[in-house]
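Take a look at the structure below.
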Amino acid sequence: MTIIVAIVEGATRDMFDAASALGRSPWWKEYCQDRPWQALYCGPAPYEPSNLATAFTGTPRGEHGCFSYWHMTDPNGGRPGVLASSDVHRDWFWNWSELKGFRKAVVNVQLTHPAREIEGSLVSYLMKQTLHFTHPPDLAQRLHREGLAFGHDVSAFYRGDGPQWLLDRAGKIASHQLDVGIRLGAEADILIINLTLIDRISHFFWQDFGAVSSLHEAPSPLLQAYAQVDSALARLHRLADGDPMVVFSEIGFGPLDAFVSIDSLLEREGLLALDDNLQTVPGSAFVRETPQGSHGFVCREGDGRRSPALCNDAAEFLRSLRDEDGLPMFASVWQAAEIYSGSKLSLAPDIVVEPSDPRRPPMGDRRWANHVNRHLQTGWHRDQGFFQALNFDPEYGPAFRLEDIAPTLAALLGADAPEGIGGMAFGQRAHARLSVS
């Protein structure tokens, strides 16, 4: 048996259906379009690494401790560092003792680098270039000897070079990732692979979705990305060969008008002082945005301690902000403990906001926003993803959450989830080979 878990990062059902109507996603049309599925709430700050950590540890953010790709702040006042696999504070699903004896293959899942030991194989998701990214450590060399290359998303970094430039490079990387996933999955009891192409193209070319009725007249990079992922799903479905398959996205997607730099407004209010390098002025108390994807803020005294009083002042200021139409900029402003709970709450932003208009989210820490060229983006995440099952009946229900995915996968393997993780399997238990064929 090979269970397939395909993450179609950033995909929306509406866009898959639109591609289907144009004949570009035939696999989706046959196996997913008119089948039962489950909406997934992916908020309050929809972001890939934090949501995948929730999905594959079976625990919420306050327990696994990951709220973005980055730490929320740096103790020395510098640019927050990139999270590593050691920063995930709960066990990944594939390392649960309850699954000992099962062979797992994990490919391209965020927050898995550096690669750690696994019963099977793991190809990590990189945030910087390196030749060491697998477990077993010699896996990349063995794959190379078999004629299989691997590409990392970080190898194609978009800087405004045009849609075909990104599609060609990101598409080639995605093809290499799929080939490796198919190879490793053939020897595994469960394959988890993250197909990131749709997300990568959607960020920069989402505006194409607004003209979906004319997409057949001119090639669209977004439509091409959906078509390539559809073909990838077809190959993965063949590998499953009647065994259970899961297709899900941990984030939705939609149009972006512009990111709003709240730090600039905090500076104007006197709550933040930055130097020419966007570093906080040493010794000064401050409120500033945390890195992108967290929709958060930290409130610190001059000595780096969290300041409850400053948090209260900052929350009131954020609630007072109005957009260009005079409407509240944020639908909700929460203190961290109002929205998150768990043993790692101290790693969360001090304040979390929900934008009133999802087309105008917070910019995030400008030191990282500038580095990743956020100003070029035309699409951004939404807080509704989806979960779809093939070859098993997961007893869909409205209460299903991201943290229920890992226990559901364990149930498919005939195993229980660890006690106290928070997530639970769909229904009483997920049964393989039931109503969807």
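None of the values given here were measured: they were computed from a predicted structure. Scope of the values below: all heavy atoms of this structure, side chains included, with no hydrogens, waters or symmetry mates.
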Can you tell me if [X] and [Y] form a side-chain donor-acceptor pair at under 3.5 Å?
{"X": "Gln292", "Y": "Ser68", "result": "no"}
{"X": "Thr59", "Y": "Glu403", "result": "no"}
{"X": "Thr196", "Y": "Asp153", "result": "yes"}
{"X": "Gln33", "Y": "Arg13", "result": "no"}
{"X": "Ser121", "Y": "His135", "result": "no"}
{"X": "Asn95", "Y": "Arg116", "result": "no"}
{"X": "Glu9", "Y": "Asn194", "result": "yes"}
{"X": "Gln110", "Y": "Tyr69", "result": "yes"}
{"X": "Asp365", "Y": "Trp70", "result": "no"}

Test your reading of the model: is there a side-chain donor-acceptor pair from [X] to the backbone of [Y], 3.5 Å cut-off?
{"X": "Glu250", "Y": "Ile7", "answer": "no"}
{"X": "Ser220", "Y": "Leu222", "answer": "yes"}
{"X": "Gln177", "Y": "Gly151", "answer": "yes"}

Output for pair (Leu223 CG, Ile201 CD1), nearest 0.5 Å, gives 12.0 Å

Phe133 and Thr130: which non-hydrogen atoms are nearest, and at how many Å?
-> CD2-O, 3.7 Å

How far apart are the closest heavy atoms of Cys311 and Cys299, and which atoms are they?
-> SG-SG, 3.0 Å

Residues Asp74, Arg79; criterion salt bridge (charged side-chain N to carboxylate O under 4.0 Å, His left out); working and verdict | CA-CA 6 Å; Asp74 178 79; Arg79 188 168 68 176; over 6 Å; no

Mind telling me whether [Y] and [X] have parallel, tilted or perpendicular rings, with 30° and 60° as the class edges?
{"X": "Phe150", "Y": "His152", "answer": "perpendicular"}
{"X": "Phe93", "Y": "Phe56", "answer": "tilted"}
{"X": "Phe204", "Y": "Tyr158", "answer": "tilted"}
{"X": "Phe386", "Y": "Trp37", "answer": "perpendicular"}

Take Ile182 and Asp179 through the test side chain to side chain contact (heavy atoms under 4.5 Å, CB included) and record every step on the way to the result.
-> CA-CA 5 Å; Ile182 295 286; Asp179 289 343; 5.7 Å; no

Can you check salt bridge (charged side-chain N to carboxylate O under 4.0 Å, His left out) on Glu146 and Arg183, steps first, answer last?
-> CA-CA 10 Å; Glu146 294 178 26; Arg183 164 67 180 80; 2.7 Å; yes

Please confirm whether Arg300 makes a cation-pi placement over Phe286, using NZ or CZ under 6.0 Å from the six-membered ring centre and within 45° of the ring normal.
->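 No, cation not above the ring by the 6.0 Å, 45° rule.
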
Do Phe253 and Trp380 have ring centroids that are under 6.0 Å from one another?
-> no

Step-by-step salt bridge (charged side-chain N to carboxylate O under 4.0 Å, His left out) determination, Asp161 to Arg159 = CA-CA 6 Å; Asp161 306 276; Arg159 300 187 184 279; over 6 Å; no

Dump the intermediate steps for side chain to side chain contact (heavy atoms under 4.5 Å, CB included) on Thr112 and Val123, then the final yes or no.
-> CA-CA 8 Å; Thr112 56; Val123 181; over 6 Å; no

Evaluate the criterion side chain to side chain contact (heavy atoms under 4.5 Å, CB included) for residue pair Leu233 and Met245; output intermediate values, then yes/no.
-> CA-CA 10 Å; Leu233 291 171; Met245 179 172 176; 4.1 Å; yes

Charged N to carboxylate O under 4.0 angstrom, Lys29 versus Asp34?
-> no

Could you please spell out the steps behind the salt bridge (charged side-chain N to carboxylate O under 4.0 Å, His left out) verdict for Arg360 and Asp257?
-> CA-CA 6 Å; Arg360 298 181 64 82; Asp257 289 346; 5.2 Å; no

When you look at His132 and His113, which way does the side-chain hydrogen bond (donor to acceptor under 3.5 Å, both in side chains) test go after all the steps?
-> CA-CA 9 Å; His132 306 286; His113 187 78; over 6 Å; no

